[in-house]
Amino acid sequence: MNSYNPNENEAKWQKAWRESGIFKADLENSERPKYYNLTMFPYPSGDKLHIGHWYNYAPVDTWGRYMKMKGFEVFQPMGFDSFGLPAENYAIKTGVHPAETTRTNIDKMKEQIAAIGGMYDLDLNLETSSPEYYKWTQWVFLQLYKNGLAERREAPVNWCTSCQTVLANEQVVEGICERCKNEVIRKNLTQWFFKITDYAEQLLDYEGLDWPEKTIAMQKNWIGKSEGVNINFKIADSEDSLTCYTTRPDTLYSVTFMVIAPEHPLVEKFISGTEYEKEVRKVTKEIQGQTDIERTSTGGKDKLGAYIGVDVINPANGEKIPVYIANFALMYGTGVVMADAHDERDFEFAQKYDIPLKFVVSEDGSEIDPKDFDEAYVDDGILFNSGEFTGMNNREALPKMAEWIEKDGFGEKTINFRLRDWLISRQRYWGAPIPIIYCEKCGEVPVPEEDLPVVHPHIEDYVPKGQSPLAGAEDFVNVNCPKCDSAAKREVDTMDTFVCSSWYFLRYPDAMNSAKAWEKEHANKWMPVDMYIGGPEHACMHLLYARFIHKAMNNFGFVDSKEPFKRLVHQGMVTKDGAKMSKSKGNVVSPDEFVEKYGSDVFRMYLMFMGPFTDGGDWNDQGITGVARFVDRFFRMMQIDGEADDALVHGAVKRAGEAVEKMNFNIAIAALMELTNSTFKTGMNTGQKEMVVRVLAPLAPHLAEEIWEMLGHKESVFLAEWPEADEKFLVTDSVTYAVQVNGKLRATLELAKELGKEEALEAARSLENVAKYLKDADVKKEIFVPGKIIGFVV
RNA sequence: GCCGAAGUGGCGGAAUUGGUAGACGCGCGGGACUCAAAAUCCCGUUCCUCUAGGGGAGUGUGGGUUCGAUUCCCACCUUCGGCACCA
């Protein structure tokens with residue numbers, strides 16, 4: 001009997017697959033139904049492919065192979081999300097150009113992906129940093145621009161005064177620049193936004209999507225639709241007013257102060273030249289050293305703020321109340337918040353700055369005083385001291401008060417979203433240039449589509465000097481205006497890499513031919529993606545951006561599907577010693593040595609056998625020998641001629657098949673192990689072997705091909721049909737009952753399937769270990785669950 | 001802090017709709033083969049208790065519903081993901 005040699009065998013089949021092109025999808029005229037099986041493409045990091053990537057790509061490939069055997073034309077492309085910050089940071093540190101490191105990393109990762117022996121089509125060569133690709137990223141930008149979804153506004157960035165550069169959040173550690181350890185400030189720059197908020201309502205519609213409930217919940221919360229009221233507070237001794245948004249107009253009578261974001265444009269106007277200016281500026285600076293999370297957390301960080309010397313009138317009771325800047329007021333929406341004793345943060349703030357507070361809601365409507373409390377009263381209850389609303393339940397009063405506010409003309413009902421517009425400008429070198437030209441006469445001019453791509457200049461000096469590195473490339477910056485031909489300058493910022501990754505699935509079908517235009521027909525043939533598998537960390541950003549761009553493209557008429565990803569599944573994260581793998585922690589585990597030692601089949605099966613792939617887990621190679629043993633044992637078992645019990649074989653085929661269908665690959669493998677343990681003694685006949693090896697095929701493709709060939713087949717096992725168990729072997733005439741007394745198991749009993757309740761109970765009563773509990777006892781209840789349980793309650 | 005998950009033997013994990021907790025694998029113990037070792041094969045393996053048969057406890061913690069809860073409800077603890085410039 002021959003043992004299995006994985007390395008030799010895997011090389012043989014990978015070569016055969018490459019030569020026959022069996023896994024190349026026919027993108028044009030296949031008669032099989034299409035199946036677009038997609039994994040989130042990787043960033044070509046210096047860590048290369050680690051175990052986490054395999055943990056994603058192995059199940060995706062198993063699923064793709066399964067769908068192929070189910071009769072689909074499976075398109076399973078692979079590309080690289082190759083623009084991004086790490087390559088640029090590495091370049092600044094070492095002087096190696098990002099283009100060079102990106103190339104090296106991609107080439108190495110391609111080799112590693114090939115070693116999986118998957119169906120992934122790497123010949124598509126999709127790389128977001130190539131001009132063939134970013135030409136179309138720029139084209140997408142222009143479509144959004146033309147349709148009014150791209151515009152420039154001021155927005156703050158993290159600015160290191162010493163490095164003279166914008167920092168990513170990741171590079172700011174406790175308010176300090178990670179590189180030079182100097183102070184980081186917030187600085188306003190004019191930047192490009194995509195108006196994703198215009199699509200907020202549409203993005204809340206998940207009709208027809210097979211997505212995890214938790215992902216939908218997270219996105220919905222992220223979009224954060226709320227119904228509330230914009231209320232105008234007149235500024236005392238002035239004609240102007242401050243508008244705030246609130247979902248709790250029922251607490252209006254308790255409002256005793258207002259808070260405003262320190263970044264609010266009016267703050268500067270209010271304070272300049274006043275006695276409050278110095279203090280407000282000092283506190284503003286302090287606040288800007290905090291992250292948004294620190295600013296808005298309750299509990300933890302202290303509240304920070306200052307009076308700005310302005311008072312407004314509470315429109316409900318005419319009281320004059322002070323306005324403060326506060327760290328927890330962010331410059332989103334109106335940037336103004338009405339504050340009262342019924343909100344935790346407001347309460348804490350008022351306590352710190354000695355601002356008077358009032359309650360207007362209590363459990364039973366009796367008057368309570370904040371002085372007697374050390375925290376906010378946030379529960380619902382009955383209103384008091386609230387004019388005509390006194391005595392009402394606050395939740396019932398809420399819509400009535402909104403009506404009243406609107407009718408009396410000091411506010412209006414408003415729908416608000418937590419979602420913010422997407423800031424896409426990056427003051428960086430390694431990204432796709434934004435295709436805009438600034439002309440003194442014509443203003444902001446989009447680059448004509450026929451002039452795309454705006455080629456990213458190859459520069460040697462990408463060390464930041466106060467503005468985007470592209471500003472230093474004079475040949476790039478200086479250009480003639482496309483409209484009037486006079487001297488003009490290019491936009492020097494590049495696009496957020498999330499822009500590149502928010503439409504790549506639309507490019508794959510055309511990626512083979514780099515010159516090819518956007519072909520609606522092609523996009524329609526392959527979209528939407530039937531299965532999208534990637535990490536849950538992308539739930540709110542990438543997955544929302546991609547839906548937005550796709551919906552915009554649909555609205556512009558470039559693709560007919562309304563959603564990009566019909567079905568979504570998240571793989572879990574693989575950690576090492578409890579931490580996310582990263583070069584900086586030095587805990588990156590490479591798959592290479594395992595593939596070399598055990599082969600790709602064993603390694604991928606071990607990753608899937610570790611547990612449900614949607615769970616992830618901590619990496620440990622201890623159990624891999626179990627899978628390696630199984631592979632060898634299976635191979636030897638397949639050489640034994642004999643005959644196994646059909647009930648056993650068909651039962652395993654059914655169980656494993658159902659598990660694969662549900663993507664419970666660990667269970668599928670366990671079912672095959674169990675079967676192998678039995679058939680190792682009996683052997684199987686050819687028909688039985690042919691069934692079982694087809695079930696194994698998506699899990700261990702190389703091994704299955706070899707056995708399929710041994711069984712005399714000339715064509716690939718992946719051209720064979722997925723086997724279905726024959727039910728006739730699975731019917732049994734007896735079942736095992738668990739017999740319980742007071743819910744505790746006392747015996748088991750094998751009975752005929754069709755036996756009725758009375759006979760079954762009788763049989764159970766006569767069991768010795770049951771009878772002893774029933775004797776001298778009063779049987780209150782008898783339970784009979786057909787096929788499962790017989791129970792007595794005494 | 002907010003949003004979303006997850007906690008089951010020494011370890012990874014399994015368990016249709018509330019119905020025999022621990023499948024499968026690792027590890028460990030015992031045995032076979034061997035001069036020996038490796039490999040392989042066979043048996044056992046939640047814990048405690050006990051004379052065979054059994055008995056008791058047990059799915060993060062504390063309560064609850066139920067004849068019966070890993071599964072449903074309430075409160076809590078711990079760990080992980082995300083929080084808008086890492087991707």
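We name chains A, B, ... by the order of the sequence lines, and we start the count at 1 in each one.
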Query - Under 4.0 Å protein heavy-atom contacts per nucleotide of nucleotides 59-74 of chain B, with B for base, S for backbone only and - for none - result: --------BS------
Report summary line: Per-residue pairing states of RNA chain B in dot-bracket (Watson-Crick or G-U under 3.5 Å; . unpaired, | other strand) read (((((((..(((......[....)))((((((.......))))))((((....))))..(((((..]....))))))))))))....
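- Residue-level contact check: A:E674 touches the backbone only, with heavy atoms under 4.0 Å from sugar-phosphate atoms and none from bases.
- When the side-chain contact (heavy atoms from CB on, under 4.5 Å) test is applied to A:F498, the partners found at least two apart in sequence or on another chain are A:W422, A:D496, A:S501, A:M541, A:H542, A:Y545.
- Across all strands shown, A:V172 has no heavy atoms under 4.0 Å from either base or sugar-phosphate atoms.
- Looking at heavy-atom distances under 4.0 Å, A:R746 makes contact with sugar-phosphate atoms alone, never a base.
- Partners of A:T575 according to the side chain to side chain donor-acceptor pair (under 3.5 Å) rule, which considers only residues two or more places apart in sequence or in another chain, are A:D618.
- Within 4.0 Å of A:S425, counting heavy atoms only, lies at least one base atom of the nucleic acid.
- Here A:N158 pairs with A:L167, A:N169, A:V172, A:V184, A:R186 under the side-chain contact (heavy atoms from CB on, under 4.5 Å) rule; sequence neighbours left out.
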Give me, pair by pair, the N or O atoms of the protein and of nucleotides 2-6 of chain B that are less than 3.5 Å apart, along with how far apart they are.
from	atom 1	to	atom 2	distance (Å)
B:C3	O3'	A:N221	ND2	2.7
B:C3	O2'	A:N221	ND2	3.0

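- Ring planes of A:W54 and A:F603: perpendicular class, angle over 60° (limits at 30 and 60°).
- Counting non-hydrogen atoms under 4.0 angstrom, A:Q191 reaches a base of the nucleic acid.
- Between A:Q171 atom CD and B:A87 atom C1' the separation is 13 Å, expressed in whole Å.
- Between A:I624 atom CD1 and B:C24 atom C1' there is a gap of 16 Å when expressed in whole angstrom units.
- Backbone-only engagement by A:T497 is indicated by non-hydrogen atom pairs under 4.0 Å involving sugar-phosphate atoms exclusively.
- Contacts of A:H542 with the nucleic acid, taken as non-hydrogen atoms under 4.0 Å apart, are absent.
- From A:R636, atom CZ reaches atom OG1 of A:T676 across 11.0 Å, with rounding to the nearest 0.5 Å.
- Within 4.0 Å (heavy atoms only), A:Y773 reaches sugar-phosphate atoms of the nucleic acid but no base atom.
- Looking at heavy-atom distances under 4.0 Å, A:N769 makes contact with sugar-phosphate atoms alone, never a base.
- Shown here are the side chain to side chain donor-acceptor pair (under 3.5 Å) partners of A:W503, two or more places apart in sequence or in another chain: A:Y133, A:T137.
- Counting only heavy atoms from C-beta outward, the side chains of A:F41 and A:F80 never approach each other to under 4.5 Å.
- Backbone-only engagement by A:N666 is indicated by non-hydrogen atom pairs under 4.0 Å involving sugar-phosphate atoms exclusively.
- Here A:D47 pairs with nothing under the salt bridge (Lys or Arg N to Asp or Glu O under 4.0 Å) rule; sequence neighbours left out.
- Put simply, the side chain of A:K788 and the base of B:U16 share no donor and acceptor less than 3.5 Å apart.
- Among residues two or more places apart in sequence or in another chain, the side chain to side chain donor-acceptor pair (under 3.5 Å) test is passed with A:T736 by A:E750.
- Residues satisfying the side-chain contact (heavy atoms from CB on, under 4.5 Å) criterion with A:T732, sequence neighbours excluded, are A:K753.
- At a threshold of 4.0 angstrom between heavy atoms, the contacts of A:P612 are confined to the sugar-phosphate backbone, with no base atom among them.
- Note on A:T625: only backbone sugar-phosphate atoms sit closer than 4.0 angstrom, heavy atoms only; bases stay farther off.
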Within the sub-3.5 Å range, which N or O atoms of nucleotides 41-48 of chain B have a protein N or O partner, and how far apart are they?
from	atom 1	to	atom 2	distance (Å)
B:C41	OP1	A:R633	NH1	2.5

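- The side chain to side chain donor-acceptor pair (under 3.5 Å) check on A:Y504 picks up A:Y532, with sequence neighbours excluded.
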